[in-house]
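Okay, so here's the structure we're looking at.
In what follows, chains are A, B, ... by sequence order, proteins preceding strands, each numbered from 1. All of these numbers come straight from a predicted model, not from anything done at the bench.
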Amino acid sequence: MARLTANFFKQDALVLAPLLLGKKLVRVSDNGVKNEYVITEVEIYRGEEDLACHASKGRTQRTQVMYNSGGVLYVYLVYGMYWMLNIVTGEENNPQAILIRALEGTTGPGRVGKLLMLDKSFNTENLSDSKRIWLEDRPIIDTYKTSIRIGIDYASEEWRLKPWRFYY
DNA sequence: GTAACGATCCTC
DNA sequence: AGGATCGTTACA
């Protein structure tokens with residue numbers, strides 16, 4: 001099916017998160033091998049008001065990528081070891097991103113980054129025209145679950161309790 | 001400068 | 001329950 005491009009990712013994260021479930025993630029490695037995965041778990045990080053979102057610190061060298069219009073990647077290192085894969089979503093200057101927490105057959109965002117062999121060079125990568133990573137359309141998953149987000153105990157209750165984790 | 005802390009995972 | 005491991009942020 002067709003590659004998903006900027007118009008799709010420009011939608012608000014609240015709309016996009018459930019739509020990303022079941023979508024195909026394609027990764028072409030340096031040696032030219034193409035692998036395809038299915039997205040099974042995501043989390044929303046949305047706006048400067050969201051105290052769990054890195055953009056709550058405002059526009060910094062790290063967070064500026066989230067201020068782009070949707071369709072680019074926000075990839076960063078956490079705990080000195082794990083590359084987190086996020087898709088920037090929404091309108092320009094409205095910082096939000098969706099964390100890919102799991103692909104079919106994997107558990108945990110750290111393992112996603114390892115499986116996809118991500119590194120710093122993937123930060124700001126454009127999903128609309130990248131030759132090494134992109135998403136392709138797939139039928140909607142209409143039965144899914146939600147829960148609070150994982151690993152954000154530092155956020156205040158208002159944001160910690162948002163049901164912004166989606167999985168099936 | 002310098003210190004504290006993670007959107008995690010593995011091992012004990 | 002605790003350690004690995006380093007970029008980002010905050011504060012002096």
Side-chain angles (χ1 to χ4, degrees), chain A residues 4 9-23 25 27 35 37-127 130 133-135 141 144-168:
Chain A
L4 295 168
F9 297 110
K10 204 172 175 180
Q11 301 175 87
D12 192 279
L14 291 170
V15 175
L16 271 176
L19 297 181
L20 288 180
L21 296 176
K23 292 291 182 285
L25 175 61
R27 170 79 168 98
N35 284 108
Y37 308 92
V38 176
I39 297 172
T40 58
E41 180 183 350
V42 301
E43 267 176 10
I44 294 174
Y45 289 88
R46 182 173 181 270
E48 292 182 344
E49 324 78 51
D50 177 4
L51 295 183
C53 180
H54 292 159
S56 64
K57 302 187 183 304
R59 196 187 287 257
T60 67
Q61 187 161 16
R62 180 200 217 185
T63 64
Q64 62 184 1
V65 61
M66 278 194 278
Y67 288 77
N68 283 305
S69 183
V72 298
L73 296 184
Y74 169 37
V75 174
Y76 69 93
L77 187 68
V78 73
Y79 296 109
M81 262 176 265
Y82 302 105
W83 293 101
M84 300 285 103
L85 173 61
N86 298 254
I87 298 174
V88 173
T89 62
E91 304 276 345
E92 188 175 5
N93 294 324
N94 184 348
Q96 51 177 241
I98 296 179
L99 170 66
I100 307 302
R101 284 195 59 89
L103 304 170
E104 201 166 63
T106 74
T107 52
R111 291 179 156 192
V112 170
K114 184 179 180 188
L115 178 67
L116 296 176
M117 298 172 287
L118 300 182
D119 59 48
K120 190 168 192 158
S121 75
F122 282 82
N123 194 39
T124 74
E125 187 90 353
N126 191 332
L127 290 176
S130 173
I133 188 168
W134 64 87
L135 266 63
I141 302 294
Y144 59 85
K145 305 169 192 169
T146 65
S147 82
I148 60 171
R149 293 173 287 179
I150 309 293
I152 54 154
D153 290 346
Y154 55 83
S156 64
E157 192 170 280
E158 176 188 0
W159 298 100
R160 194 157 39 78
L161 298 183
K162 295 263 185 213
W164 282 359
R165 172 173 170 247
F166 299 72
Y167 61 103
Y168 73 97

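- The minimum heavy-atom distance between A:W159 and A:I152, with the atom names listed, is O-CD1, 4.3 Å.
- Using cut-offs of 30° and 60° on the angle between ring planes, the pair A:Y144 and A:F166 is tilted.
- With DNA chain B read from its 5' end, the first of the two nearest nucleotides for A:K114 and A:G151 is the one closest to A:G151.
- Counting any heavy atom pair closer than 4.0 Å across all strands shown, A:L99 reaches a base atom.
- Remark: A:Y45 OH to A:I98 CD1 distance equals 11.5 Å, nearest 0.5 Å.
- The CG atom of A:N123 sits 9 Å away from the P atom of C:dT8 (whole-angstrom rounding).
- At distances below 3.5 Å, at least one donor-acceptor pair connects side-chain atoms of A:T63 with backbone N or O atoms of A:G58.
- Base pairing in DNA chain C yields stems of at least 3 consecutive Watson-Crick or G-U pairs, both distances under 3.5 Å, namely B:1-6 with C:6-11, B:8-11 with C:1-4.
- Both A:K57 and A:Y79 lie close to DNA chain C; mapped to their nearest nucleotides by heavy-atom distance, the more 5′-ward contact belongs to A:Y79.
- Each of A:I87, A:V88, A:N68, A:N86 was checked for a side-chain contact (heavy atoms from CB on, under 4.5 Å) with A:L73, and the lone residue meeting it is A:I87.
- Across all strands, A:G80 comes closer than 4.0 Å to base atoms (heavy-atom distances).
- For DNA chain B, the contact window with chain A, defined by any atom under 4.0 Å from a protein heavy atom, covers B:dG6 to B:dC10 in 5' to 3' order.
- What separates OH of A:Y74 from C1' of C:dG7 is a distance of 11 Å, to the nearest Å.
- Side-chain contact, A:Q96 with A:T89: a donor N or O sits under 3.5 Å from an acceptor N or O.
- OP1 or OP2 of C:dT9 sits under 4.0 Å from a side-chain N or O of A:T60.
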Worked verdict on A:E43 versus A:R149 for salt bridge (charged side-chain N to carboxylate O under 4.0 Å, His left out): CA-CA 7 Å; A:E43 267 176 10; A:R149 293 173 287 179; 5.8 Å; no
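- Among the heavy atoms of the strands, none lies under 4.0 Å from A:R149.
- The minimum heavy-atom distance between A:P109 and A:L99, with the atom names listed, is CB-CD1, 4.2 Å.
- A donor and an acceptor atom, one from each side chain of A:R59 and A:N93, are located under 3.5 Å apart.
- Residue A:S56 is out of contact with every strand shown, counting any heavy-atom pair closer than 4.0 Å.
- With rounding to whole Å, A:H54 atom NE2 is found 15 Å from C:dA10 atom C1'.
- Along DNA chain C, the nucleotide closest to A:M81 and the one closest to A:Q61 are compared, and the more 5′ of them pairs with A:M81.
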